[in-house]
Protein chains: 2
Amino acid sequence: MRNRNTAPRKSRPPASGAGKARRRCLIGGGYARGEHTRRRLLEAGIELFGELGYERASTRAIAHRAGVSLPALQYYFGGKEGLHRACAQYITEDVRTRLAPATQRVREALDRRDLARSELLELLRAVVEPFLEGLATERPESWALFFARIQGEQGVALDAIFQQIGGRLLTLVMEIIGRVLGRPAESPEVAIRAVMIVGQITLVRRARPIILRALGWPDFDGERLTTLKEVMWQAIACSLSPAPGPARESV
Amino acid sequence: MRNRNTAPRKSRPPASGAGKARRRCLIGGGYARGEHTRRRLLEAGIELFGELGYERASTRAIAHRAGVSLPALQYYFGGKEGLHRACAQYITEDVRTRLAPATQRVREALDRRDLARSELLELLRAVVEPFLEGLATERPESWALFFARIQGEQGVALDAIFQQIGGRLLTLVMEIIGRVLGRPAESPEVAIRAVMIVGQITLVRRARPIILRALGWPDFDGERLTTLKEVMWQAIACSLSPAPGPARESV
DNA sequence: ACATATAAATATCAAGTGATAGAAAATTAT
DNA sequence: ATAATTTTCTATCACTTGATATTTATATGT
């Protein structure tokens with residue numbers, strides 16, 4: 001958003017800058033070579049945006065890591081912001097499809113009226129645990145880093161990603177918790193608990209250095225990851241115990 | 001860290017840039033006027049660093065909000081980084097002294113050998129709730145924002161603040177939880193639970209927009225803040241219930 | 001082979017960054 | 001008052017950023 005006013009933006013060669021830029025090579029005919037650099041830019045963007053955040057990741061650094069020249073970024077994504085949007089969309093799509101089968105399975109199971117507490121908790125675990133594992137371990141794709149960044153940066157990409165991933169996950173968790181607690185899924189009690197449970201999971205990524213330091217661990221590897229998952233799950237399951245402290249609700 | 005090599009740094013007029021700059025006016029004699037601008041810069045720095053983060057908060061913007069000229073920042077804090085450090089230290093000191101009495105009180109109570117579960121939970125609440133309240137409500141001092149920022153930015157200030165505040169809080173929480181669970185305070189089970197509980201609290205700040213959206217709330221005000229605190233506390237207390245297995249009974 | 005559309009690179013721009021030099025103003029000490 | 005010191009301001013530097021115009025290379029269709 002630097003010289004937006006001075007530049008008359010006379011031609012704006014190919015890309016529109018929005019998410020679904022780069023359609024020419026499909027319309028126009030072939031030219032499959034460009035798809036490669038586009039992909040490289042996308043991956044480099046995810047890496048560097050994740051490592052450094054939106055501001056500190058310069059377009060030059062991204063282009064360099066992608067092994068392409070600087071104008072290629074503008075050419076394919078219309079600018080830095082466009083690339084960021086495209087990265088967010090790419091990740092969103094990827095995670096969404098990866099989570100889809102589990103989501104579907106859980107949703108079908110939820111349609112059954114007669115679910116025991118333990119069954120509901122098992123469903124919750126099935127939803128939450130893959131998510132935790134993806135965040136705790138350093139994926140080479142590093143989308144978890146990217147994902148964690150945009151939450152702290154309050155950018156426009158937050159809306160899209162939240163609706164696509166966080167929203168779905170949260171809705172699902174709220175339904176399960178609502179069933180467990182015997183309250184409507186939209187009630188504040190259920191919503192707060194759901195947010196806190198999902199938030200706890202994301203903490204594994206966001207407060208990673210602090211957690212590791214508090215535990216005196218070098219990393220979440222193998223045995224330790226198992227311990228982490230187990231303890232966190234114990235705490236979550238306990239927090240949904242039927243009779244909380246002072247007599248409150250009884251289904 | 002821009003033109004560090006070109007500038008010979010011949011004189012470096014007064015401030016050393018580190019945390020404890022600005023000592024001259026005490027040694028040299030008077031010149032009390034400078035203390036005011038120094039204070040203004042500190043407050044403006046906390047505000048803008050908190051609102052925008054370290055990168056996006058430009059020294060010009062900070063100086064402007066402080067109502068002083070740009071070189072004053074270099075003059076008093078040696079540079080942007082020095083100001084950031086000073087802000088962190090200022091906040092740390094403030095929070096630490098504010099939390100000190102409660103900490104002391106809890107630590108004394110912990111020395112008693114015979115504490116019932118409910119008493120321990122009450123202690124935990126006494127430690128955790130003021131912290132939550134400080135983070136949930138928009139303080140005019142806005143140090144909560146600043147505090148939340150530096151966690152996401154992984155800067156050098158994180159170490160200092162963590163040791164001064166987070167570490168103390170965490171140590172205290174670990175001791176209480178260790179007592180509740182009947183395990184050593186250093187065990188991974190206790191540490192993970194402590195980190196998650198404290199982390200949940202910080203989530204109220206860090207994931208504020210997401211939480212508010214999930215709840216359909218405009219803000220954490222009055223009645224809603226009470227609900228939030230109550231539900232979160234219920235969840236925390238339940239998660240520390242004595243028998244973590246499937247079947248358990250209330251105390 | 002040719003014309004044409006596409007892709008990539010070089011060189012450069014305007015704006016904004018943190019930092020500094022050096023002079024001017026204000027304050028204190030003598 | 002005058003000298004010394006401390007504080008503040010104007011102007012500017014060196015550098016980085018995102019973005020572009022223009023040119024060169026590459027691939028495609030006829």
Side-chain angles (χ1 to χ4, degrees), chain A residues 1-15 17 21-41 45 48 52 54-64 66-84, chain B residues 1-15 17 21-41 45 48 52 54-64 66-84:
Chain A
M1 209 181 286
R2 247 64 185 262
N3 44 2
R4 185 61 56 90
N5 42 357
T6 50
R9 173 162 292 131
K10 51 179 66 170
S11 60
R12 180 59 102 180
R22 198 69 253 287
R23 207 192 295 105
R24 270 153 299 82
C25 78
L26 299 175
I27 294 177
Y31 289 89
R33 191 168 96 266
E35 199 58 31
H36 178 247
T37 59
R38 189 185 139 84
R39 187 61 159 256
R40 292 289 311 246
L41 274 170
L48 282 177
L52 307 172
Y54 182 78
E55 311 284 335
R56 306 182 61 157
S58 72
T59 53
R60 280 175 174 77
I62 295 172
H64 180 72
V68 303
S69 73
L70 173 56
L73 197 152
Q74 261 77 22
Y75 182 76
Y76 282 106
F77 299 96
K80 187 182 192 179
E81 201 178 311
L83 175 62
H84 193 241
Chain B
M1 209 179 289
R2 246 62 183 263
N3 45 2
R4 183 64 54 90
N5 42 355
T6 50
R9 173 162 290 132
K10 50 179 66 170
S11 62
R12 179 61 103 178
R22 195 72 254 286
R23 207 192 295 104
R24 273 151 296 83
C25 79
L26 299 174
I27 295 176
Y31 288 89
R33 193 169 91 267
E35 199 57 32
H36 178 247
T37 60
R38 188 185 140 84
R39 188 61 160 257
R40 291 288 312 248
L41 274 171
L48 282 177
L52 307 173
Y54 182 78
E55 311 282 337
R56 305 183 63 155
S58 73
T59 53
R60 282 173 172 79
I62 295 172
H64 181 72
V68 304
S69 71
L70 174 56
L73 196 153
Q74 262 77 21
Y75 182 77
Y76 281 105
F77 299 97
K80 187 182 192 180
E81 201 178 312
L83 175 63
H84 192 240

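- For B:R60, there are no side chain to side chain donor-acceptor pair (under 3.5 Å) partners, not counting sequence neighbours.
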Tabulate protein N/O versus nucleotide N/O from nucleotides 9-11 of chain D, keeping only pairs under 3.5 Å, one per line.
residue, atom, partner, partner atom, Å
D:dC9, OP2, B:S69, N, 3.1
D:dC9, OP2, B:S69, OG, 3.0

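- The nearest whole Å value for the distance from the CZ atom in B:R56 to the P atom in C:dA15 is 20 Å.
- Atom P of nucleotide D:dT17 and atom CD of B:E55 are separated by 11 Å, given to the nearest angstrom.
- With rounding to whole Å, A:L52 atom CG is found 16 Å from D:dG18 atom C1'.
- At a threshold of 4.0 angstrom between heavy atoms, the contacts of A:A63 with the nucleic acid are absent.
- As rounded to whole Å, 13 Å separates atom P of C:dA7 from atom CG of A:L41.
- Between A:E81 atom CD and D:dT17 atom C1' the separation is 15 Å, expressed in whole Å.
- A pairwise comparison of heavy atoms in A:A57 and A:L48 identifies CB-O, 3.7 Å as the closest pair.
- Between B:T59 and C:dA19, a side-chain N or O to OP1/OP2 separation shorter than 4.0 Å is absent.
- Annotation: side-chain contact (heavy atoms from CB on, under 4.5 Å) contacts of B:A63 (sequence neighbours excluded): B:V68.
- Between B:L41 and B:L83, the closest heavy-atom pair is O-CD1, 4.0 Å.
- Residue-level contact check: A:A61 touches neither bases nor backbone, having no heavy atom under 4.0 Å from any strand.
- On a pure distance criterion of 3.5 Å, a polar donor-acceptor pair joins the side chain of A:R60 and the base of D:dG18.
- Minimum atom distance to the side chain of A:Y76 is reached by C:dA8, of the listed D:dT8, D:dT17, C:dA8.
- Nucleotide C:dA7 holds its P atom 16 Å from the CZ atom of A:R39, rounded to whole Å.
- Here the nucleotide nearest the side chain of B:Q74, chosen from C:dA19, D:dT8, C:dA7, is C:dA19.
- The separation between A:L73 atom CG and C:dA7 atom P is 15 Å, rounded to whole Å.
- The B:Y75 side chain lies nearest to D:dT7 when the options are D:dT7, C:dG18, C:dA7.
- Panel note: side chain A:K80, backbone A:L73; no donor-acceptor pair is recorded below 3.5 Å.
- Rounding to whole angstrom units, OH of residue A:Y54 and C1' of D:dT17 are separated by 11 Å.
- The structure places CG of B:L52 at 8.5 Å from OG of B:S58, a figure rounded to the nearest 0.5 Å.
- Residues A:F77 and A:H84 have side chains not in contact (no heavy-atom distance under 4.5 Å, counting atoms from C-beta outward).
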